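In what follows, a structure is listed as structure tokens, so that the remarks can point back to it.
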Amino acid sequence: FRVSLPAAPPGAAPVTASIAAPRGRVLVIDDDPLVGRSMARLLQGSHEVTVLTSPTEAVARLTRGERWDAILCDLMMPELSGMDVEERLAKTAPDVVPRIVFLTGGAFTDRARQFLAAGRPYLEKPVETEALRARVAQLVVR
């Protein structure tokens with residue numbers, strides 16, 4: 001099998017590959033390691049993903065100055081809720097708060113419902129792949 005293509009005319013512009021979407025750093029905070037690995041798998045190849053199952057560790061690392069382009073944070077966790085994570089970061093690293101997207105399987109408390117109703121960005125679990133990738137892409141290009 002042989003393919004023959006004509007030569008480009010003189011002065012033709014070179015063909016370039018399309019520019020890929022920017023690669024970002026993504027932090028996933030979820031007490032369920034399976035959810036964290038699932039999020040990492042959905043974003044692998046496109047982004048560098050760090051998964052932490054301890055929200056306390058995540059807050060400490062962000063407070064010390066580590067930065068990610070997007071932070072996906074479970075809303076309901078036993079150690080610290082996503083609401084508590086945001087509250088602590090608002091005091092210690094307020095510049096990262098706009099990069100948080102909450103993940104929720106349901107806002108089961110009045111506090112959680114009010115928190116989300118106030119306009120915080122969130123995705124429902126199970127997360128749709130394209131919605132997740134689109135939300136992360138928005139944060140990476142900021």
Side-chain angles (χ1 to χ4, degrees), residues 1-9 12-142:
F1 160 31
R2 175 186 260 179
V3 175
S4 297
L5 299 173
V15 176
T16 58
S18 63
I19 297 173
R23 185 173 168 81
R25 295 184 73 224
V26 179
L27 174 61
V28 178
I29 308 166
D30 199 302
D31 61 307
D32 184 339
L34 294 175
V35 172
R37 283 196 299 269
S38 174
M39 295 291 132
R41 248 190 328 273
L42 291 174
L43 297 169
Q44 78 182 18
S46 302
H47 303 285
E48 175 190 329
V49 181
T50 302
V51 177
L52 297 177
T53 57
S54 168
T56 302
E57 179 185 352
V59 169
R61 289 175 69 170
L62 288 158
T63 298
R64 285 193 310 263
E66 286 189 62
R67 293 296 180 260
W68 285 268
D69 299 301
I71 301 166
L72 304 173
C73 183
D74 189 13
L75 186 64
M76 304 302 287
M77 296 179 283
E79 183 183 340
L80 279 180
S81 72
M83 297 166 283
D84 297 328
V85 168
E86 182 189 270
E87 185 178 295
R88 289 184 183 191
L89 291 174
K91 295 174 186 169
T92 61
D95 58 308
V96 302
V97 171
R99 301 208 162 271
I100 301 173
V101 174
F102 294 94
L103 305 172
T104 181
F108 300 113
T109 67
D110 286 338
R111 179 180 178 215
R113 283 189 289 277
Q114 291 170 1
F115 183 81
L116 294 178
R120 274 127 179 139
Y122 70 95
L123 295 168
E124 291 280 347
K125 292 179 187 177
V127 175
E128 292 182 21
T129 303
E130 290 310 311
L132 173 69
R133 290 178 179 161
R135 183 67 71 142
V136 168
Q138 289 171 341
L139 292 169
V140 168
V141 298
R142 272 191 189 173

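Bear in mind that the values here come from a model prediction, so they are computed numbers and not experimental data.
You'll find the side chain of Arg99 stays beyond 4.5 Å of the side chain of Trp68, heavy atoms only. Here the side chains of Arg67 and Val96 are in contact, with some heavy-atom distance below 4.5 Å. Using a 4.5 Å cut-off on side-chain heavy atoms (C-beta onward), Thr109 and Met76 make contact. In this structure, Leu72 and Val127 have side chains that are not in contact, with every pair of non-hydrogen atoms separated by 4.5 Å or more. You'll find the side chain of Gln138 reaches within 4.5 Å of the side chain of Arg135, heavy atoms only. Looking at heavy atoms from C-beta onward, Val26 lies out of side-chain contact with Asp69 at the 4.5 angstrom threshold. Side-chain contact between Arg88 and Pro55 is absent, with no heavy atoms from C-beta onward closer than 4.5 Å. Counting heavy atoms from C-beta on, the side chains of Ile29 and Met77 come closer than 4.5 Å.
To the nearest 0.5 Å, the span separating CD on Glu87 from CG on Asp84 amounts to 6.0 Å. Atom CG of Leu75 sits about 9.5 Å away from atom CD of Glu124, to the nearest 0.5 Å.
Listed here is the closest heavy atom pair of Phe102 and Met83: CE2-N, 4.5 Å. Closest of all the heavy-atom pairs between Leu139 and Ala70 is CD1-CB, 3.7 Å. Of all heavy-atom pairs spanning Gly82 and Cys73, the tightest one is CA-SG, 3.8 Å.
Judged as a salt bridge (Lys or Arg N to Asp or Glu O under 4.0 Å), and not counting sequence neighbours, the contacts of Glu48 are Arg25. Under the rule for a salt bridge (Lys or Arg N to Asp or Glu O under 4.0 Å), the partners of Glu66 that lie at least two apart in sequence or sit in another chain are Arg61, Arg64.
Arg23 places a side-chain N or O within 3.5 Å of a backbone atom of Gly45 that can act as its donor or acceptor partner.
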**Request:** For Val97 and Glu86, run side-chain contact (heavy atoms from CB on, under 4.5 Å): C-alpha distance rounded to whole Å, both residues' side-chain angles, the deciding distance at 0.1 Å, then the answer.
**Result:** CA-CA 6 Å; Val97 171; Glu86 182 189 270; 3.9 Å; yes
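At most 12 non-hydrogen atoms from other residues, nucleotides or ligands lie less than 6.0 angstrom from OH of Tyr122.
The side chain to side chain contact (heavy atoms under 4.5 Å, CB included) with Thr50 is formed by just one residue from the set Val28, Ile71, Leu27; it is Leu27.
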Listed pairs under 3.5 Å, donor-acceptor, residues 30-43 side chains, sequence neighbours left out:
from	atom 1	to	atom 2	distance (Å)
Asp30	OD1	Asp32	N	2.9
Asp30	OD2	Lys125	NZ	2.9
Asp32	OD1	Leu34	N	2.9

